[in-house]
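Each chain gets a letter, A, B and so on, in the order its sequence line appears, and its residues count up from 1.
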Amino acid sequence: AQSVSQHNHHVILSEAASLELGCNYSYGGTVNLFWYVQYPGQHLQLLLKYFSGDPLVKGIKGFEAEFIKSKFSFNLRKPSVQWSDTAEYFCAVENGNTGKLIFGQGTTLQVKP
Amino acid sequence: EAQVTQNPRYLITVTGKKLTVTCSQNMNHEYMSWYRQDPGLGLRQIYYSMNVEVTDKGDVPEGYKVSRKEKRNFPLILESPSPNQTSLYFCASSLNLASEAFFGQGTRLTVV
């Protein structure tokens, strides 16, 4: 069965620290990969996505992610976080054949000023 | 303005009383889906629809029904709600596969 695992459930960083959030999935077929962010009290918004081409994708607000097919991973990175990045982050994997979308459990990021 | 609209935003109901949460999008998107969000579990897909009259089960379809009679609407129906369906529900739409999903504002449902 298709599954998505986010290794870090709660991350606390100081401003200007670098961020890397792990995401692994279990599905050997064609996938489309997403990272979404949910700010407190709001709905989810897309940060970035990958479906083909360059495995290093850049998103909004300075975020980027790298798709490593051999490791079934799609980790999210940001070189220098800001207090406004405090939010919950979700990795999501879409089955490229059926359209079924699976989200990870989410990672809560708290950035201290 | 492009948006996904869910109604109601908040709902408290009693066990067994049928309810419907509506979802409408104005972007002519083909793909629509419903999720529930629970602490520590992230978002779990309930049902999704890749086009009119086409619906498929997600990961947690038990206790829910959907219909897609027209492109813009994708209502979620709870025929006999139970307390374990207390959750935050999101509707989303996207143009097609590999496209950004646009989420509604959410519906917080409490079943007592």
Quick check: is [Y] connected to [X] through a chain of hydrophobic side chains (ILVMFWY, heavy atoms under 4.5 Å apart)?
X	Y	value
Tyr39(A)	Ile60(A)	yes
Val93(A)	Tyr31(B)	no
Val11(A)	Val111(A)	yes
Leu47(A)	Phe34(A)	no
Val60(B)	Val4(A)	no

Residues of residues 61-94 of chain B within contact distance of chain A, non-hydrogen under 4.5 Å:
Phe90(B)
Using a 4.5 Å heavy-atom cutoff, which residues in residues 41-52 of chain B come close to chain A?
Leu41(B), Gly42(B), Leu43(B), Gln45(B), Tyr48(B), Met50(B)
What part of [X] is in contact with chain B, defined as an atom under 4.5 angstrom from a non-hydrogen atom: side chain, backbone, both or neither?
X	value
Leu33(A)	neither
Thr98(A)	both
Gln45(A)	neither

A side-chain contact here means heavy atoms from C-beta on lying under 4.5 Å apart; do Asp59(B) and Lys100(A) qualify?
yes
Measure the shortest side-chain to side-chain distance between Leu97(B) and Phe51(A) over non-hydrogen atoms and say whether it is less than 4.5 angstrom.
no
Spacing of CG belonging to Leu101(A) relative to OH belonging to Tyr35(B), to within rounding of 0.5 Å
4.0 Å
Between Gly106(B), Ala101(B), Pro39(B), which has the largest tally of heavy atom pairs under 4.5 Å with chain A?
Ala101(B)
Is the CZ atom of Arg108(B) crowded by more than 12 outside heavy atoms at less than 6.0 Å?
no
Which heavy atom of Glu100(B) sits nearest to which heavy atom of Tyr36(A), and what is that distance?
C-OH, 4.0 Å
Do Gln37(B) and Gln38(A) pair up side chain to side chain, a donor and an acceptor below 3.5 Å, judged on atom types alone?
yes
